[in-house]
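The next block holds one structure in the form of structure tokens; read it before the comments.
Counting convention: from 1, in listed order, for ligands and their atoms alike. The basis for the numbers below is simple: all heavy atoms, side chains too, and nothing from hydrogens, waters or symmetry mates. All values derive from a computational prediction rather than experimental measurement.
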Amino acid sequence: MPSLTFYGGVGEIGGNKILLEDGGTRIFLDFGMSFDLKGGFYEEFLQPRTNSGLRDLMELGIVPKIDGIYRADLLKIEGIESVIEEIGGDDPSLWISDVKSYDEMMKKEGKPFIHGVFLSHGHFDHFQCISFLDEKIPIYCSAITKALIGATDDLGKGGFENEFLSAKKRTLATLGGRATFPGEYTIGSEPRDREFRMLEAHQKIGSVEIRAFPVDHSVPGAMAFLIKTSDAKTIVYTGDLRFHGVSSDLTENFSASLTGLRPDALITEGTRIDEDTPDSESGVKDECIDLISKTKGLAMVGFAWKDITRYRTMREVAAETGRILVISPKLAYVINRLKGFEGLRLHKSEENVRVYLKRKDKMLYSKGDYVRSKYDAGFSADWEEKIDLTHFDEGIRAYDIKRDPSSYLLHLDFYDFNELIDLSPPQGSTYIAASSEPFNMEMELDEKRLKHWLRHFAINAPTHEPHYMHASGHASGPEIKKLIEDLNPKLVFPVHTKHPELFVVPQGTRVVIPEKGKKYTI
Ligand SMILES: [Zn+2]
């Protein structure tokens with residue numbers, strides 16, 4: 001009989017890691033980072049130690065101890081035993097984890113312990129921990145999700161928590177002849193490509209069949225899954241979804257194709273289970289148009305750089321209010337990567353859209369200032385083949401905006417607020433906070449800082465509060481309730497929610513609030 005074990009997404013928003021076992025077949029549904037757990041121990045200046053590998057994160061319970069799935073180099077660096085002896089370390093547990101790696105299990109069992117990871121979408125709380133998995137474990141996701149993960153690889157900060165398309169295998173090495181201490185031990189790294197496989201509408205992995213359905217969420221490329229096991233049990237996993245975005249027909253189709261299916265189990269997200277009001281993307285558009293048409297100075301809007309729906313909304317807002325939309329280079333980079341996907345209606349260059357050129361490094365707007373952040377100067381993150389200076393040549397600089405602020409709608413996230421110093425927005429400027437993700441503790445702290453900045457630059461006078469224009473990436477309580485009624489499952493497992501107790505189900509359906517690490521037979 002198949003079973004489900006929930007290693008994350010239990011009583012928390014995000015961190016989904018759900019193990020499905022069917023005989024000898026094992027797959028994970030998502031493998032994301034739990035920001036609640038990690039934020040409980042770490043912050044900006046207190047971070048896990050890269051060369052301690054997974055030991056730190058496992059000790060604190062942020063990453064689950066599971067044998068047979070992780071990279072060997074993050075559990076024990078090859079050849080470390082002799083070094084421990086040489087340096088006189090008498091406690092090997094400082095260097096060696098008691099968790100067995102993928103390779104160790106493979107050697108022991110003669111077959112892989114895990115057959116694949118199915119990613120629902122490209123948000124960190126659903127995929128970040130694949131960085132720790134052995135690179136030979138196939139990652140199944142949509143082509144758009146892979147492109148987004150690739151963009152995160154290129155634009156992100158790196159480190160062992162962010163090795164997605166390739167894993168940098170840590171190896172024992174010695175310092176070279178020019179070092180201060182030649183011949184002493186150090187850690188080197190060898191890149192290894194991670195195996196990604198594109199999701200098909202239908203696929204068979206071991207004894208299970210998996211159907212993938214595109215759904216609407218605040219990143220493009222999101223998927224829900226229907227899994228059929230060897231004994232014809234059916235399990236549905238929603239990933240994250242909503243019914244109010246511009247592509248809500250995808251979610252409707254998913255729900256309609258499974259109506260009356262009566263699956264044995266439905267694993268559903270419940271981020272907004274406690275909220276009754278459905279959001280609306282067109283509502284965000286109308287409110288922004290209303291506010292910006294009354295704005296005399298510069299109009300600014302903050303939203304996530306992977307949120308293509310919100311970008312398209314802002315493109316329309318800019319057109320309707322006669323302004324030029326100036327986007328962050330990160331968003332421009334993602335658009336460039338996704339422009340080939342039909343249905344997203346994205347083009348590298350749009351008449352009414354320009355890219356913001358930040359001052360970087362020596363702050364001189366010199367080409368040499370961009371070698372460490374190439375995507376700020378052009379669409380490429382790699383200058384080995386061809387140097388791309390599109391944003392440098394055609395981008396909008398702070399002084400362009402300062403000269404004529406009322407002509408622009410600027411995409412400006414909180415983390416780019418240093419730009420306000422160069423932009424010096426005039427009286428009557430507006431800041432809109434249009435992020436679609438749920439708030440967490442860290443963001444609350446940022447909110448405080450955000451208000452300090454707005455007050456200092458007299459933005460959004462007289463209150464200096466940001467104008468919140470919100471449409472979430474998640475379905476409301478009544479929408480989730482209706483989805484459950486339509487599918488009429490035997491069991492409902494609420495995940496990705498702080499309020500699993502609020503799930504109301506029809507007669508004949510039972511809610512099982514999962515406990516972390518407990519195995520549920522279906
Ligand atoms: Zn999400």
Atom name in His123, limited to N/O/S, at shortest distance from the Zn ion (ligand 1): ND1
Centroid-centroid distance, Phe164 to Phe127, less than 6.0 Å: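 They qualify: ring centres under 6.0 Å apart.
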Tyr102 and Tyr70 aromatic centres sub-6.0 Å: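 Aromatic pair excluded; centres sit 6.0 Å or further apart.
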Exercise: do Ser131 and Glu161 side chains pair donor with acceptor under 3.5 Å: no
Side chains of Thr259 and Asp486, donor plus acceptor under 3.5 Å: no
N, O or S atom of [X] closer to the Zn ion (ligand 1) than 2.8 Å:
| X | value |
| --- | --- |
| His474 | no |
| Asp240 | yes |
| His217 | yes |

